[in-house]
Amino acid sequence: MTSDLAIPTAAQAAAIDRRDEAEALDQRCALAFTRARFRLPDKLIYLDGNSLGALPMAAPDRLAGVIGGEWGTDLIQSWNTAGWIDAPARVGAAIAPLVGVGADEVTVADSVSVNLFKLLAACLHLRPGRRVILTEPGNFPTDLYVAQGLAALVPGVEVRAVPADGLASVLGPEVAVLMLTHVHYKWASIHDMAGLTAAAHAAGALTLWDLSHSAGAVEVDLAAAGADFAVGCGYKYLNGGPGAPAFLFAARRHHERIAQPLSGWMGHAAPFDFVDEYAPAPGMGRFLCGTPPILSLSALEAGLATFAGIAMADVAAKSRALSALLQARMAARAPQLALASPADPAARGSHLVFRHPDAFAICQASIARGVVGDFRAPDLWRLGLTPLYTRYVDVWDAAEVAGDIIARGAWRDPAFARRAAVT
Ligand SMILES: Cc1ncc(COP(=O)(O)O)c(C=O)c1O
């Protein structure tokens, strides 16, 4: 790297109006080198890393080693000799700097959904007498569903969903926990984590943040915000592969008082004592439930290695530049697509969403032309910008394809109306 490499500002990226200028941005970008850490199909413009991160170059060999050597040869000894038993804590420690907390405050287990259940229950336990889980309507469905499931299980507990601008006024003595998704999965809008956490604390409530669209994409400083708890996906910006296990964070000040109801043997203080009575492991260990998924954890560890030597401030800066460029190019080439994300790049995460009555068909027609985004019902086309591997020229080309598809009505082909199970 030479010293004239830098991350373009959002304004610089948005100002370009020729493809070769996009190529020049890639040449000058201080984060361009990280694309080589991924295996991406030739000619594919992959704008869906916010759903499933790309394959890290090192992951196939890592998995082959775990399967062939650790599982195939060393078999059960690998729980000790290959450090399998420590994998949840070790991989959690690799996530910690990406979200601004200590290595001992994060572990990896289960899915986001399951971890939400554990942490919401822990919050109710920490705030006896308070019976409200406060959230917002339109939060990611699993967050709402899990809260509803817990409320159905615990007599007196209620889920209250209040639009974001009314949250502060609803925070009161009944609220046990404020549960929000930091970067919204549809709009990409970002909540003020520090402000809302302070408001929750002033009312005596705890906070639980879903970082699924934040971790690895934008700067997150849970410690500075004073956040209590968080969860997040391993398979999006952390590049852990399909169905990668999720992470959970609990602030150290809560560790020894937290009780969670999925008290499986792997969260026991001494699992290999095989005693009848549950006793929680110290610290984050108590959030484990069953046997850790070692193949998936190994893939996630390879995914996290793609962040080696990179500052999240640079990742976030590139995210803003990419999304400013996409916003500008779509406005120029496909003005029929209405931006449904915040207009200010600093006010959004690392994806952009556009509204169009035929968004599904446009999404499918674009995939057929090698531009992969996704569709969110009823009328949103969502395009993810992954700073570690998305290039400025990809963004330029994606907008050209979108403009062409819309101008020619190519999306009207009935083939693009057929829906599969996953959109
Ligand atoms: C904000 C948010 N939370 C949770 C999830 C899914 O969590 P899980 O790991 O339980 O499938 C997603 C998936 O897209 C998400 O966007």
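In listed order, ligands and their atoms are each counted from 1.
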Q: Under 4.0 Å from a heavy atom of D143: give me the atoms of ligand 1 that qualify, with their elements.
A: 3 (N)
Q) According to the interplanar angle, ranging from 0 to 90°, do the rings of W187 and H184 count as parallel (below 30°), tilted (30 to 60°) or perpendicular (above 60°)? A) parallel
Q. Do R35 and D26 sit within salt-bridge range, that is, some charged N less than 4.0 Å from a carboxylate O?
A. no
Q.
Counting non-hydrogen protein atoms only, what is the nearest one to atom 5 (C) of ligand 1? Give residue, atom name and distance.
A. F140 CE2, 3.4 Å
Q) What protein heavy atom is closest to atom 11 (O) of ligand 1, reported as residue, atom name and distance in Å? A) Y235 OH, 3.2 Å
Q. Should H184 be listed as contacting ligand 1, given a heavy-atom distance under 4.0 Å as the test?
A. no
Q) Could D404 and R369 be called an ion pair, given the rule that one side-chain N must be under 4.0 Å from one carboxylate O? A) yes
Q: Taking only heavy atoms of T142 into account, list the atoms of ligand 1 that are under 4.0 Å away from them.
A: 4 (C)
Q.
Below 30° counts as parallel, above 60° as perpendicular, anything between as tilted: where do the rings of W381 and F354 land?
A. tilted
**Q.** Under 4.0 Å to a heavy atom of T181 - the qualifying atoms of ligand 1, by number
**A.** 1 (C)
**Q.** Identified side chain to side chain donor-acceptor pair (under 3.5 Å) counterpart of S51 within the set K236, R382, H213
**A.** R382
Q: Looking only at protein heavy atoms, identify the closest one to atom 13 (C) of ligand 1 and say how far it is in Å.
A: K236 NZ, 3.2 Å
Q. For atom 16 (O) of ligand 1, which protein heavy atom lies nearest, and how many Å away is it?
A. H213 NE2, 2.9 Å
(Q) Is it the case that ligand 1 has an N or O less than 3.5 angstrom from some N or O of D210? (A) yes
Q: Indicate, as side chain, backbone, both or neither, the part of V114 found under 4.0 angstrom from ligand 1 when only non-hydrogen atoms are considered.
A: neither
Q. To which protein heavy atom is atom 10 (O) of ligand 1 closest, and what is the distance rounded to 0.1 Å?
A. S113 OG, 2.5 Å
Q. Can we say E256 and R286 salt-bridge, meaning some charged N sits less than 4.0 Å from an Asp/Glu carboxylate O?
A. yes
Q | Donor-acceptor contact below 3.5 Å, side chain D143 vs main chain D210 | A | no
Q) For atom 9 (O) of ligand 1, what is the nearest protein heavy atom, given as residue, atom name and distance? A) V112 N, 3.1 Å
Q: Before accepting this row, confirm whether a basic side-chain N of the pair E174/R130 lies closer than 4.0 Å to the acidic partner's carboxylate O.
A: no
